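Below is one structure, written out as structure tokens; the observations come after it.
All values below come from the heavy atoms of this structure, side chains included, with hydrogens, waters and symmetry mates left out. Counting starts at 1 for both ligands and their atoms, following the listed order. In this text the structure is predicted, and so the values were computed from the model without any measurement.
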Amino acid sequence: MAWLTALSILAVCHTGLAAYTKFPEGFTFGVATASHQIEGAWNVSGKSENVWDRLTHTRPEMIADGTNGDVACDSYHRYLEDVEELTYLGVDFYRFSLSWSRILPTGFSDHVNPDGIRYYNALLDALAEKNIEPLVTLFHWDLPQSLQDLGGWTNSKMVDYFRDYSDVCYREFGDKIKSWITINEPYEVCEDAYGDIKKAPALDSHGIGNYLCSDNLLKAHAESYHLYNEKYRPTQNGTVMISINSIWYEPSDPENAEQVALAETANQFKFGWFAHPIFTNEGGYPEVMIENVAKQSAAEGFSKPRLEQFDDYWIQRIKGTSDFLGINHYATHLITGPGVDPIAKSPSWLKDTGSITSLEVGGDSASEWLRVVPTGFANLLRWCKSSYNDPPIYITENGFSDRGTLQDYGRIQYYNDYLSAILDVIYDDGVRVLGYTAWTLMDNFEWRAGFTEPFGFYHVDITDPDLPRTPKLSADYYRQLVANRELPQDERFKDPANKYKEEL
Ligand SMILES: *[C@@H]1O[C@H](CO)[C@@H](O)[C@H](O)[C@H]1NC(C)=O
Ligand SMILES: *[C@@H]1O[C@H](CO)[C@@H](O)[C@H](O)[C@H]1NC(C)=O
């Protein structure tokens with residue numbers, strides 16, 4: 001592998017030269033959203049409270065602009081406008097998620113909410129009318145509060161609860177949905193929401209809750225996959241995958257063997273934590289993770305490691321439970337050295353990695369964590385090919401945040417350079433990327449960032465009760481890309497004077 005220096009990463013990502021421009025035959029394009037970020041209607045038609053409703057209502061100071069998802073883009077009432085936008089973009093598929101607490105208000109399958117079923121059927125029918133394939137996520141972070149009150153993903157019974165919820169969704173919608181995603185971004189769920197306060201329920205059980213969560217989440221994913229396989233696949237003939245997110249780590253000094261090894265360890269801790277159990281021949285958590293956590297736990301005075309390997313039954317049960325590797329990717333960070341990161345709590349996942357990280361790489365976005373490094377994406381994709389037996393891959397999220405300008409050259413440049421990186425690895429390295437999903441259709445409730453870091457192709461004016469949606473320049477860029485299956489070369493998509501930087 002040719003490691004680039006931090007300097008050359010910067011150089012490459014600013015030239016944006018596209019060696020290849022044309023996508024292969026059969027490559028598909030879509031755009032994504034998530035229920036809590038767009039639906040609103042948080043307390044109508046039988047929907048119950050989820051963990052994000054609870055967090056935003058009880059601790060509004062934790063949201064950058066004090067907003068919440070009560071109304072959001074009001075997609076519960078305005079889904080036909082969503083479909084109009086999708087039709088304008090011309091996408092092959094629409095990735096959206098189902099709200100667990102809208103479908104099962106108690107959290108359990110004892111009561112199925114007819115209005116929840118009606119809503120998603122109406123959306124699915126409207127998509128079918130426009131020949132837009134649904135790609136549907138069962139769980140995109142909005143856990144029913146009733147299940148959180150029982151411990152949420154730290155409760156081992158979640159394996160049963162998630163299987164029951166999956167069963168209802170496969171049964172009710174499986175005639176219309178042929179492509180499923182079980183869980184979106186398990187790292188964010190376990191580390192950010194249980195091991196930290198970055199996502200709801202913000203438990204901050206660092207180094208403990210995050211690992212309880214991964215044990216249960218991976219088992220729940222596997223049981224949902226097996227359920228589909230055994231009960232539904234014979235008649236519904238669809239596919240099921242998981243969407244794993246990653247910050248990609250590069251050594252800040254690629255000549256430094258220790259940093260190179262630490263970057264590999266960090267990538268195993270981040271991506272491998274959830275990918276290794278599912279996509280490798282041996283299965284189970286990455287060995288380096290088990291070793292590091294055991295070593296740290298002993299040094300910290302714990303009687304047992306805070307993360308232990310699955311037993312043989314679960315290693316086998318979890319292995320191979322994804323028809324595709326779904327990848328959500330946005331950014332690359334650097335590893336600067338061994339040691340305890342100054343921001344690491346004790347105990348914690350970050351301390352367990354044994355490395356110090358840095359954001360001093362790539363271009364800016366409106367999100368501090370989102371460092372623009374297209375070559376990092378190419379390296380992640382090559383690494384996935386070699387680490388996981390050349391899996392068929394869908395990019396299930398990729399996108400850019402700015403401050404909401406309609407002339408969003410920064411977003412266009414990001415898409416252009418990241419899609420160009422995908423073309424490079426498809427043609428030069430034979431990585432099997434089959435489809436691409438842009439995040440996101442329209443500006444929406446960006447979790448703890450509220451509405452301050454928009455990622456959409458459409459601007460949504462949340463100060464106007466009608467929530468008017470206006471296409472940005474990037475909407476036209478993506479529309480042209482999808483229509484021609486080729487990176488647009490139009491001058492009108494080129495930032496005349498690097499204007500977007502002034503707006504960040
Ligand atoms: C629903 O929530 C809104 C705030 O978003 C509140 O004004 C309204 O009274 C609530 N409705 C019910 C039925 O509780
Ligand atoms: C199932 O779908 C695959 C493509 O995904 C197709 O090749 C196959 O013929 C289908 N089988 C049935 C029984 O519909």
Side-chain angles (χ1 to χ4, degrees), residues 32-83 85 96-123 137 139-150 152 165 168-169 172 184 192-193 197-203 404 440-456 458-470:
T33 61
S35 48
H36 190 76
Q37 293 181 270
I38 64 163
E39 282 180 9
W42 82 279
N43 60 356
V44 306
S45 297
K47 178 184 162 296
S48 71
E49 186 187 30
N50 66 42
V51 293
W52 279 94
D53 297 322
R54 176 65 65 91
L55 185 81
T56 53
H57 294 156
T58 58
R59 302 169 76 182
E61 72 285 357
M62 287 186 71
I63 311 301
D65 53 6
T67 57
N68 54 48
D70 288 5
V71 178
C73 305
D74 198 27
S75 288
Y76 184 73
H77 299 109
R78 298 170 195 270
Y79 65 95
L80 291 176
E81 290 178 46
D82 298 356
V83 175
E85 292 160 16
F96 64 95
S97 77
L98 305 176
S99 159
W100 190 331
S101 65
R102 194 181 294 289
I103 293 172
L104 302 180
T106 63
F108 306 99
S109 58
D110 60 326
H111 173 59
V112 179
N113 177 21
D115 245 32
I117 302 297
R118 179 202 54 75
Y119 169 64
Y120 292 113
N121 271 321
L123 171 59
T137 313
F139 178 68
H140 199 128
W141 304 357
D142 43 358
L143 193 72
Q145 184 61 39
S146 58
L147 299 184
Q148 193 57 52
D149 293 343
L150 299 174
Y165 166 58
V168 170
C169 296
E172 295 291 335
N184 179 70
D192 281 6
I197 58 166
K198 293 177 185 164
K199 301 271 153 53
L203 279 195
T440 177
L441 176 60
M442 58 197 154
D443 296 346
N444 55 46
F445 177 68
E446 181 56 29
W447 314 110
R448 285 200 55 197
F451 290 89
T452 65
E453 298 175 12
F455 281 79
Y458 280 76
H459 172 74
V460 179
D461 183 358
I462 58 161
T463 64
D464 182 329
D466 286 335
L467 299 166
R469 295 135 179 235
T470 312

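For the ring-ring contact (aromatic ring centres under 6.0 Å, His included) test, residues two or more places apart in sequence or in another chain that qualify with Trp100 are Phe162, Tyr165. Partners of Arg59 according to the salt bridge (charged side-chain N to carboxylate O under 4.0 Å, His left out) rule, which considers only residues two or more places apart in sequence or in another chain, do not exist here.
Here salt bridge (Lys or Arg N to Asp or Glu O under 4.0 Å) pairs that include residues 440-450, with residues two or more places apart or in two chains, are Asp443-Lys472.
A donor-acceptor contact closer than 3.5 angstrom links the side chains of Asp115 and Ser45. Side-chain N/O atoms of Thr137 and Asn184 include no donor and acceptor closer than 3.5 Å.
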Ligand 1 N/O to protein N/O, distances under 3.5 Å:
{"from": "ligand 1", "atom 1": "2 (O)", "to": "Trp42", "atom 2": "NE1", "distance (Å)": "3.0"}
{"from": "ligand 1", "atom 1": "2 (O)", "to": "Asn43", "atom 2": "ND2", "distance (Å)": "2.3"}
{"from": "ligand 1", "atom 1": "5 (O)", "to": "Trp42", "atom 2": "NE1", "distance (Å)": "3.2"}
{"from": "ligand 1", "atom 1": "5 (O)", "to": "Asp70", "atom 2": "OD2", "distance (Å)": "3.0"}
{"from": "ligand 1", "atom 1": "11 (N)", "to": "Asn43", "atom 2": "ND2", "distance (Å)": "2.9"}
{"from": "ligand 1", "atom 1": "14 (O)", "to": "Asn43", "atom 2": "ND2", "distance (Å)": "3.4"}

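A salt bridge does not link Glu39 to Lys47: none of the charged side-chain nitrogens sits closer than 4.0 Å to a carboxylate oxygen.
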